[in-house]
Amino acid sequence: MYETIGIWVGALFTLAIYSFLYKENPIYRLAEHLVVGISAGYGMAITYQITVKPRLIDPLLSGDHWILLIPGILGLLYITRFIPRISWLSRYPIGFYMGTAMGVGFPLTMKANVLRQVEGAMVPLYQSGMPWYEVLGNSVMILGTLAALIYFFFSKPHKGLFFGTGSKIGIWVIMLGFGATFGFTVMGRISLLIGRIQYLLGDWLHVID
Amino acid sequence: MRKNWIGIPALMILLLLPSLSVAQGVDEILTPVAGEQLEEPDPGLDVPGIVTVLDKDNDAGDQLVVSFEPPENTAGVFAYNVYRRVAGAEGEDSWTLAEIIPVIEPTEFIDGFDPEFPIEPGVLYEYRIASATLDGEEFFGPVFEAGAVSVGEIYHTGKTRILIASLLFILLIFYYFGRAQRGIKMYMRPIAGIEAIDEAIGRATEMGKPILYVPGISSIADVATIASLTILGRVAKKIALYQTPLIVPNRDPIVFTVAEEVVKQAYLEAGRPDAYDPDSVFFLTTSQFAYVAGVNGMMMREKPATNFYLGMFYAESLLLAETGSLSGAIQIAGTDAVTQLPFFITTCDYTLIGEELYAASAYLGREPKQIGALKGQDACKGIIMGFITLALIFGIIDVVANTHILDWLRALVTSPIIE
């Protein structure tokens, strides 16, 4: 019974959202406001259940982990935004969070986005026994990486043989890469659409198995 | 008739064999006799042997390296369930399932990755490992006390290269930062997307319609979000001067708080704190597609003249930009999400690609400090290009002269995926 109701609700809301393809209308607006409101409320309940209660309230009530009082108080400082006189206190948790995130993120970014990328681009053009297509692939990768880097130079005019031609090749390489990504992602989106149509025609209307 | 008399004792022996093998701790695979129903033999799985526990180097004292001898006979074993408890604790409830290792995987793992069951520094633990069947039945080996406790290290020796690279990059940025502060003029090449920002704000002002600014859907920990909020400050300052309505819907509660402060500050700096509308920056929902539904609805109802999508985006990028395009707004997007950039490029009027988003703030502000930092970043890119070019040359020398200098160069920047 509940499953049937769930399928009907899901199907009708899917159609309500799809009605946006025609134009913005009251049915879409109803679905939009319901999904925004329910998701906001649901998100709050989930955050309490999977974060606040097991990671803060339960350990504190058990009598151990008094250190958790510090993040607990920092978190409570957010609520001071509702009291204009002391709302400036909410800047402390924001500052703490941003500072920590940047501090933790800096070496990770340096490793993942710089060192490992440089390492990946440091490959030999040719080695004995290497097939021709690998030689071609390595050449395109090395020269393409250099050209794309030239495109992202902001303090030099994109003129002349090195910066002018280099940046032109660079933007071509970047666009070719985007083209491949575009096709790949569109395929993923179409599979999502197929999934939704299967839901409507199969689970709801039982037209297909 | 005679054959039947021989068959009865033979059947009895066959039936007794499984129980004998269990009693002796020996696994024997019995071949069932065709046409005769045998009782299901108790598998009596072989259990793992000695467990070795070592302290892991370069950690915060919250990891141990656990290895064990696999059983000689792994027939029927699906996985090894590794249990851990504080040494001296008693009772079955004291054991925690620390890891499940499939039988085909190596019998060594790092304990302490799961934040639900952390390793405490300086605490002695006991381990026992069970051979588990596919049905979840467990056959436990003996209990072993860990040979070491976890101790934290102050310096991570595996990250020296990252430290050196970081210091080098920071020094370069500070060097150019200093040059810019001394008043040395630095060139910045024009970027179409950034130059169009003024035009887009002007268009909305002339049309008397609002400007929609979407600061991405990621958290404040994302560099793209921080870049977006910096640009929001610049954009809001101009909007405050022209008194154009602004709409900033947020998905992340912390980003919402920061965005609100940024816009408020921008109106203050523009000398128009009275024009600031507290409802212009608001929190919508944390759910990704509910957020998209809400923003799309706003686009079609409010019909903003200009849409900015700057920050980190995921699957919602095309949904937002396509709806914005249908509403007839001029659209400027910018993100460092490689998978979403193609969608913005195809649907928006201007797109800031990757680092252009980070540079936008310096372009808009034209402050010497930020221009210097931009020049410093270019110098860092120059070093990276130098390394790749050197690798190219060394690779050719390796082939011609049969040397291995490319490996040496690679070793300079090599950083293991997991230290």
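Residue numbers begin at 1 in each chain, while the letters A, B, ... track the order of the sequences.
A:R81 has a carboxylate O that lies under 4.0 Å from a charged side-chain N of B:E261, or vice versa, which qualifies the two as a salt bridge. Taking a cutoff of 4.0 Å between a charged side-chain nitrogen and a carboxylate oxygen, A:E119 and A:R116 qualify as a salt bridge. By the 4.0 Å N-to-carboxylate-O rule, B:D378 lies close enough to B:K381 to be salt-bridged with it. Ion pairing between a basic and an acidic side chain is recognised when a charged N comes within 4.0 Å of a carboxylate O; B:E316 and B:R251 show no such pairing.
Only the side chain of A:L125 comes within less than 4.5 Å of a heavy atom of chain B; its backbone N, CA, C and O stay farther away. For a residue to count as touching a neighbouring chain, one of its non-hydrogen atoms must lie under 4.5 Å from one of that chain's; by this rule A:M102 touches chain B with the side chain only. At a 4.5 Å heavy-atom cutoff, the contact between B:E356 and chain A is made by backbone and side-chain atoms alike.
Qualifying side chain to side chain donor-acceptor pair (under 3.5 Å) partners for B:S317, counting only residues two or more places apart in sequence or in other chains: B:Q340.
Of residues 163-173 of chain B, those residues with a non-hydrogen atom less than 4.5 Å from any non-hydrogen atom of chain A are, in numerical order, B:A165, B:S166, B:F169, B:I170. Interface with chain B: from residues 148-156 of chain A, residues A:L149, A:I150, A:Y151, A:F152, A:F153, A:F154, A:S155, A:K156 qualify, criterion being any non-hydrogen pair under 4.5 Å.
A:W204 and A:W8 have perpendicular rings, their planes meeting at more than 60° on a 0 to 90° scale where under 30° would count as parallel.
Note on residues 97-109 of chain A: no pairs pass side-chain hydrogen bond (donor to acceptor under 3.5 Å, both in side chains), not counting sequence neighbours.
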